[in-house]
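Remarks on the structure that follows.
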Amino acid sequence: MKHAAIIAIAVAGLIALPAAAQVKFSSTPILQTGATVGGAAIAYPNSDGAELTAVRLEIGPGGETGRHMHPYPTLVYVLEGTIEVEMDSGMVRSYKAGDSFLMVVNTWTNARNKGSVPAKVLVVYIGVHGKPNLVRPK
């Protein structure tokens, strides 16, 4: 009886093995950094109300986000199209589909789509509950 139970467990394990081997999975790093595109070190909000917000933007051809700044770390991943990001320092960077970056913090910026197709962008804010992730000039 004891041998039958051991054999049953072994057979069950062999049957499950091919099913587990068929699982397909891959992981592609998008971004790993300790600094923003402006070179500043990442600083997380000092709050008990930390909140992560993810949004998908679509910027039409010739469109722009308008001048704004982010008070907290903001991950940007270009899904489709291209964008050009201009910072108050005069630095301009272009990003295409598949590119990612950590936006500068507390610096005025504007993103433009100078292409002929819509730019689709995933933006992930690491902010504070109840506080804005984006600030516009007054």
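Only a predicted model underlies this, so the values are computations on that prediction, with no experimental measurement involved. All heavy atoms count here, side chains included; hydrogens, waters and symmetry mates do not. Along the sequence shown, residues are numbered consecutively beginning with 1.
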Under the ring pair (Phe, Tyr, Trp, His ring centres under 6.0 Å) definition, can you give me all pairs with a residue in residues 90-112, not counting sequence neighbours? Tyr95-Phe101
Residue list, side-chain hydrogen bond (donor to acceptor under 3.5 Å, both in side chains) with Glu86, at least two apart or on another chain: Arg112
For Glu51, give me all partners under side-chain hydrogen bond (donor to acceptor under 3.5 Å, both in side chains), at least two apart in sequence or on another chain. His129
Side chain to side chain donor-acceptor pair (under 3.5 Å) contacts in which one or both residues fall within residues 25-39, not counting sequence neighbours: none
N/O donor-acceptor pairs under 3.5 Å from side chains in residues 71-84, not counting sequence neighbours:
unit_1 : atom_1 : unit_2 : atom_2 : d
Thr74  : OG1    : Tyr72  : O      : 3.0
Glu84  : OE2    : Lys114 : NZ     : 3.2

With sequence neighbours excluded, what pairs up with Lys96 under the salt bridge (Lys or Arg N to Asp or Glu O under 4.0 Å) test? Asp99
Please tabulate, one pair per line, all N/O donor-acceptor pairs under 3.5 Å involving side-chain atoms of residues 116-126, not counting sequence neighbours.
none

Just to verify, what does Arg67 make a side-chain hydrogen bond (donor to acceptor under 3.5 Å, both in side chains) with, not counting sequence neighbours? Asp88
In the single-linkage hydrophobic clustering (I, L, V, M, F, W, Y; side-chain heavy atoms under 4.5 Å), do Val85 and Val55 co-cluster? yes
Closest heavy-atom pair and its distance - Gly127, Asn133: CA-OD1, 3.7 Å
Out of curiosity, does Val135 fall in the hydrophobic cluster containing Val105 (side-chain heavy atoms, cut-off under 4.5 Å, transitive links)? no
Sorted by chain and number, sequence neighbours left out, side chain to side chain contact (heavy atoms under 4.5 Å, CB included) with Ser47 holds for Val128
What about Leu52 and Leu31, same hydrophobic cluster or not, with Ile/Leu/Val/Met/Phe/Trp/Tyr joined at side-chain heavy-atom distances under 4.5 Å? yes
Shortest non-hydrogen contact between Met87 and Val37, atoms and distance: CE-CG2, 3.9 Å
Who else is in the cluster with Val92 when I, L, V, M, F, W and Y are joined by side-chain contacts under 4.5 Å? none
Can you list everything that forms a side-chain hydrogen bond (donor to acceptor under 3.5 Å, both in side chains) with Lys131? Sequence neighbours excluded, please. none
Got a sec, which pairs hit ring pair (Phe, Tyr, Trp, His ring centres under 6.0 Å) with one end in residues 26-68, sequence neighbours left out? His68-His70
